[in-house]
Each structure stands twice: as C-alpha cells, then as structure tokens.
Amino acid sequence: MPVRNAEVAEILNRTAEFLEIEGANPFRVRAYRNAARTVSALPQSLASMIEAGDDLSALPAIGEDLAEKIATIVETGHLPLLDDIEKHLPPGLARLLDVPGLGPKRVRVLHDELGIDDLDKLIAAAKAGRLRRLPGFAAKTEANILRAAQTRGVEERRTKLAEAEQIADPLVRYLAETRGVKKVIVAGSFRRRQETVGDLDILVSCTQDAPAVDRFVAYEDVAEVTSKGPTRSTVILRNGLQVDLRVVPEVSYGAALHYFTGSKAHNIAVRRIAVAKGLKLNEYGIFKGEKRIAGRSETEVFARVGLPYIEPELRQDRGEIEAARKGRLPKLVALADLRGDLHTHSTASDGRASIAEMAAAARERGHSYIAITDHSKRVTIAHGLDAKRLARQLDQIDRLNAHLRGIRVLKGCEVDILGDGKLDLPASILRELDIVVGAIHSKFDMPRAKQTERIIRAMDNPRFNILAHPTGRLIGERAPYDIDMERLLKAARERGCYLEANAQPDRLDLNGAHCRMAKEIGVKLALSTDAHSTADLDLLRFAVDQARRGWIEPGDVLNARPLRDLMKLLKRS
DNA sequence: GCCGTTTTCGGCCCGACTGTTTTCAGTCG
C-alpha cells in the first residue's frame with residue numbers, strides 16, 4: 001500500500017513541529033513546512049511520480065535533501081529523522097503547541113523543567129502553581145495557559161462559511177455605523193471563501209480619531225476581550241468564535257486588505273516579489289525606502305509588484321502568482337453566469353415546496369431552467385419515487401411546462417446508486433428523463449477500489465449524467481467516503497458524465513481542490529443547490545465559491561450554458 | 001533546508017500585542 005501524499009505532508013509537518021521545539025534553525029523548520037505545503041497541493045500522487053522517475057527536487061520548496069527524505073517516506077512510511085527525535089521527545093509533545101499561548105519555546109521549557117508532555121499534566125501543573133516559577137512565565141501567563149488549555153482544548157474549532165456569514169453581517173453593519181468609519185470588510189479566509197473559517201478578520205478604514213476599537217469591544221455579543229490596542233483588537237464572541245479587528249487609515253486600505261485577506265503563503269510569495277524589486281510590502285503600503293508608493297487599493301498594490309489583480313479565492317500560493325505573471329489567470333465563474341439549477345427537490349420526496357413553487361422561485365432568481373430531481377425509491381426515508389410515481393410526476397411537469405413562461409422545468413431524478421453500482425430505477429423510466437443525477441446514500445464504508453468501481457459502474461449506464469455530492473462528506477460530521485477521485489474523473493470524462501459541486505453549506509462537495517482537478521482532467525461541473533425549499537435556491541453562491549477556488553471558468557460549468565446547449569451536453573452518444 | 005534578473009553564500013516576510021521585563025522575548029496572524 002503506497003504512502004499517500006497527505007501522510008507524507010503530515011510527517012513533514014510533524015517533523016517541523018519537533019525541530020521547532022528542539023530549537024532548530026527557524027528557516028530549516030520553515031523549509032519542512034513549505035515542502036509539506038507543496039506535497040499536499042500536488043495533483044498527482046508522489047508514489048506515481050517516483051515510479052515514473054520524476055525528479056522531486058524540481059518541485060517548489062523541495063531540494064536535493066527533502067526529495068530524498070520524501071522518497072524514503074513514500075517507500076517506508078517513516079522518516080528516520082523524526083523517529084530519532086521521538087526517541088528523546090515524547091510524540092504527544094507537539095500537541096501542546098495547539099494550546100493558544102504556547103509556542104515551541106515554552107513547550108520546550110515545560111518539558112525540560114517539569115516533564116510536561118500532555119494536556120493533563122499541563123493543567124495539573126498550572127493548577128498547582130508550578131508554571132509561574134519557570135523563567136519567562138509568571139502568574140498571569142500561568143492563568144492564561146490554564147484557561148486556554150481547559151476551554152479551547154486541543155480540538156480546533158472551525159465555523160462553516162454560511163454560519164460565519166450570519167455572524168459577520170450584523171457585526172459589519174454595527175461597525176459601519178461608527179463615527180469616522182469609512183469602510184468595513186471581512187477579510188481573511190472568509191473573503192477567500194474557504195469552506196470553513198477559524199476566525200473572522202475584520203478590516204476597518206477610518207479617520208484617525210474614530211472610536212472603532214472601543215465600539216468593537218462594546219459589541220453586545222462580545223464575551224471576552226483577548227487583546228486591545230489602538231489599531232488592533234481580538235475578542236471572543238458568546239458563540240465561541242474569535243474575531244480580530246484591524247484599523248487602518250484610508251491610504252493603507254488596499255495594502256491592509258491584501259495583507260489580511262491572505263493566505264499567509266500567498267502574502268509571503270507576493271512580499272518576496274516586492275523584496276526582489278527593492279521594495280517593502282506591509283499592511284500599510286508598498287514602500288521604496290521610507291516613501292509609500294502604493295497602498296490605497298489592492299489593484300494598486302498588485303500593479304506595483306508587476307501583477308494583475310488576483311481574485312481572493314485564488315490566493316493560496318497554488319500557482320496563481322505564476323499564472324498572473326504570465327497573464328494566464330482564469331476568468332472565474334460568477335453567480336451571474338449561471339442560468340439554472342440542476343439538482344432540486346419537491347414535496348414529492350423530501351422537499352418543502354411544490355414543483356410549480358420551485359419553478360416560480362427559480363424564475364424570480366433569473367434562472368431560465370430548473371431540474372426537479374426528487375429521490376428514487378431506495379431512499380425510503382425521503383419518500384423516494386418509484387417508476388410509477390415518477391411517471392406521474394413527468395406528466396405533471398409536461399402540463400406545467402405547457403403554460404409556464406420564462407422558465408423550463410427539466411424532468412429529472414436523483415437516482416440512488418445501489419451497492420453494486422446499478423441504478424435504483426429501470427432504464428424504461430430513466431429514458432423519459434431530461435437529466436439523471438446519480439448519488440450514493442448508503443454503504444459509505446466500502447474500500448477505496450470497490451467504492452470507486454461502484455460509481456464507475458453507475459456511470460456505465462448510458463442514462464447517467466451527473467454525480468451528485470461526489471464524496472458524501474458532511475463538513476465536521478462525516479468524512480468523505482474513500483474514492484480514487486482521479487480515476488473517477490477520468491472515467492467520467494470517457495463516458496461523457498459530469499460531477500456536481502453541491503452548494504449545501506454542510507456539504508460543499510466537490511471542494512475547491514477537486515473542482516480544480518476536474519478542470520485539469522477536463523470534466524465539466526454542475527453547480528447545484530440540492531434545494532429542498534425555495535429559499536435554498538439562494539445557496540447557489542456557495543457552489544460558486546467552491547468552483548472559483550478551483551479555478552473554474554464559465555466554460556467549465558454545465559449550468560452556465562443556455563438551455564439548448566445544456567440539452568446537447570446531457571445527450572450521451 | 002531552499003534558492004538565485006544583486007547572490008552557489010547568505011539571505012530567508014513583517015508588525016502588533018502581551019507579559020515579562022528594564023530593553024525585549026514569545027506568540028500570533
């Protein structure tokens with residue numbers, strides 16, 4: 001069983017953590033982290049690259065030494081360097097780094113002086129007042145660490161994007177009402193439209209005397225003020241979400257927005273370009289010597305380092321800077337490009353609105369078509385349709401279409417893919433449909449090869465069009481089922497099938513990386529809401545977010561096509 | 001440990017805040 005890229009990245013990151021605790025050269029530590037990033041962003045498996053004789057040291061951030069170490073990891077599953085370190089430092093020690101306020105230096109002191117190597121011992125020692133006797137620690141630090149260890153724990157808490165929006169919107173409105181405040185925007189991973197956010201980064205530009213920070217900490221949902229200075233403050237809201245506020249003057253707004261939007265890796269890469277040009281880039285602007293030469297807008301900042309504007313969703317240091325330099329940035333798909341929705345439910349199965357209501361709501365949103373794709377019979381809990389009920393629904397849709405204006409209802413079904421890869425309804429009824437959306441709702445735990453073959457077998461059915469929520473993951477609740485996405489995408493391409501980017505906030509499936517893989521392999525995507533109510537039709541933008549993070553352009557999207565083109569694309573052979 | 005339109009050696013992104021300190025280390029983003 002070859003070692004996967006994610007495992008290699010994990011070992012490299014782990015090595016970086018231990019090297020850091022050991023007090024190694026910080027740049028050496030960074031080298032391991034950078035290499036781990038490269039590895040986890042690779043579109044192909046290291047094992048296959050090595051097998052093909054590729055030179056790993058040609059990859060960014062990987063030189064002779066790490067290429068050899070990575071080869072060893074892929075071959076053996078181990079890195080001897082890490083094994084050696086773990087002989088004298090307990091393996092659990094690195095987890096202490098997850099406690100806010102504890103970094104490598106303090107973890108080292110805790111281990112060397114008090115023998116602390118896990119959370120329980122840390123909490124016990126803090127309670128006994130033993131931390132305050134250590135150099136660099138005192139009563140206040142001890143109290144902070146104890147509280148952090150007890151409340152935040154080791155688990156990293158992440159908030160789904162849709163939920164973060166509901167928290168951010170009222171706070172932004174509140175801050176915008178402050179005297180002297182000009183602009184308020186949520187930057188960070190929220191602006192990059194990551195599927196989850198760890199915290200909210202809010203940027204405010206204002207006049208010098210505006211009471212932005214004071215008003216921020218006075219917000220009614222603030223439970224705790226972690227830090228507060230003249231230009232920066234951190235609070236914890238009652239729901240546990242951390243919010244950082246940064247205040248900058250208007251002349252710095254663009255530079256600050258770029259800086260606080262990140263990602264960190266993207267920022268570092270851009271800053272290196274600035275350094276190479278003899279400039280300095282920070283959150284206040286681009287400087288030549290002491291003189292600020294840009295900073296008011298992001299476009300200005302990019303221009304000064306010789307780059308066109310790069311959309312926030314692309315700022316991951318995954319090739320966007322090179323693409324920008326070559327003038328090859330994608331023209332990302334936008335919500336306005338979409339002409340319809342290809343996965344929705346009605347009251348016939350588990351939806352809450354009738355077909356007519358769904359069609360009217362879709363038309364209100366500017367759509368020119370909507371596919372009704374109720375569940376098939378196997379999904380009994382959703383009152384799935386058998387062939388007979390589906391046939392009646394098709395008649396109903398025909399009658400509706402006969403007098404509907406401005407929108408066309410497509411006859412579809414979300415057909416269950418059975419354990420053996422067969423579809424849940426016979427060809428006789430599938431033949432009558434405009435669109436077949438296939439999905440897995442059972443047997444999530446099949447081994448990788450079997451699960452992949454199961455789906456490919458379903459795609460062998462000439463009626464199959466779109467694979468819905470292809471990995472089945474529920475963010476923070478259920479892991480994706482184990483499939484070989486590369487193989488699946490190639491099979492879809494060969495068969496004229498498509499994959500869905502599902503907009504449900506707890507699915508967001510495909511994710512951005514998979515969207516990009518689909519584009520590279522040449523498989524078009526359907527950006528679909530999987531709506532179970534008329535209001536759900538507004539979720540479409542979350543699928544657009546995922547697609548944009550995956551470099552998807554309008555031409556890569558099935559439902560960015562006019563109806564006639566779409567119908568052609570849905571006809572297989 | 002990586003890397004090269006100043007460099008194969010000597011750099012490596014940069015600033016704010018806290019808490020510990022008497023001028024700064026550690027952490028964070």
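In what follows, every chain begins at residue 1, and chains take the letters A, B, ... in the order their sequences are listed.
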For each nucleotide in nucleotides 24-29 of chain B, reading 5' to 3', give B when a protein heavy atom comes within less than 4.0 Å of its base, S when such contact involves only the sugar-phosphate, and - otherwise. --SSSB

Just by distance, no angles: are the side chains of A/Glu320 and A/His266 close enough, under 3.5 Å, to form a donor-acceptor pair? yes

Contacts satisfying salt bridge (charged side-chain N to carboxylate O under 4.0 Å, His left out) that involve residues 39-66 of chain A (not counting sequence neighbours) are A/Asp65-A/Lys69

Less than 3.5 Å apart, which donor and acceptor atoms pair up between the side chains of residues 513-522 of chain A and the rest of the protein, not counting sequence neighbours?
{"from": "A/Arg516", "atom 1": "NH1", "to": "A/Arg318", "atom 2": "O", "distance (Å)": "3.0"}
{"from": "A/Arg516", "atom 1": "NH2", "to": "A/Arg318", "atom 2": "O", "distance (Å)": "3.1"}
{"from": "A/Lys519", "atom 1": "NZ", "to": "A/Trp551", "atom 2": "O", "distance (Å)": "3.2"}
{"from": "A/Lys519", "atom 1": "NZ", "to": "A/Glu553", "atom 2": "OE1", "distance (Å)": "2.9"}
{"from": "A/Lys519", "atom 1": "NZ", "to": "A/Asp556", "atom 2": "OD2", "distance (Å)": "2.6"}

Closer than 4.0 angstrom, basic N to acidic O: yes or no for A/Arg507 and A/Glu195? no

Which of residues 298-319 of chain A sit near DNA chain B, with a heavy atom under 4.0 Å from it? none

Who are the ring-ring contact (aromatic ring centres under 6.0 Å, His included) partners of A/Phe302, not counting sequence neighbours? A/His258, A/Tyr309

What integer distance in Å separates A/Leu245:CG from B/dA16:C1'? 13 Å

Which heavy-atom pair separates A/Ala176 from A/Val181 by the least distance, and what is that distance? CA-CG1, 4.3 Å

Is the closest side-chain heavy-atom distance between A/Val74 and A/Val8 below 4.5 Å? yes

Per-nucleotide protein contact string for nucleotides 1-12 of chain B, where B marks a base within reach and S marks sugar-phosphate only (heavy atoms under 4.0 Å, - for neither): BSS--S-----B

Does A/Thr141 have a side-chain nitrogen or oxygen under 4.0 Å from the phosphate oxygens OP1 or OP2 of B/dT18? no

Roughly how many Å apart are B/dC12 and B/dT18, using the C1' atom of each and rounding to a whole number? 27 Å

Tell me, please, which residues at least two apart from A/Ala334 pass side chain to side chain contact (heavy atoms under 4.5 Å, CB included). A/Asp337, A/Arg548

Taking only residues two or more places apart in sequence or in another chain, which ones pass side chain to side chain contact (heavy atoms under 4.5 Å, CB included) with A/Arg296? A/Glu250, A/Val251, A/Glu300

Residues in contact with DNA chain B, drawn from residues 5-15 of chain A - heavy-atom cutoff 4.0 Å: none

May I have the distance from A/Arg133 (atom CZ) to B/dT20 (atom P), rounded to whole angstrom? 16 Å

Whole-Å distance between B/dC14 P and A/His266 NE2? 15 Å

Compile the donor-acceptor pairs under 3.5 Å between side chains in residues 216-232 of chain A and protein atoms, sequence neighbours left out, one pair per line.
{"from": "A/Glu224", "atom 1": "OE2", "to": "A/Arg147", "atom 2": "NH1", "distance (Å)": "2.8"}
{"from": "A/Lys228", "atom 1": "NZ", "to": "A/Asp214", "atom 2": "OD1", "distance (Å)": "3.0"}

Just to be sure I understand the rule, does A/Ser233 reach a base, reach only the sugar-phosphate, or reach nothing, if contact means heavy atoms closer than 4.0 Å? nothing

Could you tell me whether A/Glu113 and A/Arg108 make a salt bridge, using a distance below 4.0 angstrom between a side-chain N and a carboxylate O? no

Strictly below 4.0 Å, heavy-atom distances to any atom of DNA chain B: list the hits from residues 207-221 of chain A, or just say none. none

Between the side chains of A/Arg315 and A/Ser263, is a donor N or O closer than 3.5 angstrom to an acceptor N or O? no

Atom pairs and distances, donor-acceptor, side-chain atoms in residues 121-134 of chain A, under 3.5 Å, two or more places apart:
{"from": "A/Lys121", "atom 1": "NZ", "to": "A/Asp117", "atom 2": "OD1", "distance (Å)": "2.8"}
{"from": "A/Arg132", "atom 1": "NE", "to": "A/Glu142", "atom 2": "OE1", "distance (Å)": "2.9"}
{"from": "A/Arg132", "atom 1": "NH2", "to": "A/Glu142", "atom 2": "OE1", "distance (Å)": "2.8"}

Between A/Glu20 and A/Arg28, is there a side-chain N and carboxylate O pair less than 4.0 Å apart? no

Sorted by position of nearest nucleotide on DNA chain B, 5' first, the leading residue of A/Pro230 and A/Pro135 is A/Pro230

Between B/dG11 and B/dT7, how far is it from one C1' atom to the other, in whole Å? 9 Å

In terms of heavy-atom contacts, A/Phe18 and A/Ile85 come closest through CB-CG2, 3.7 Å

Flag for A/Gln546-A/Arg193: side-chain donor and acceptor within less than 3.5 Å: no

With both distances kept under 3.5 Å, what pairs with B/dC12, Watson-Crick or G-U wobble? B/dG1

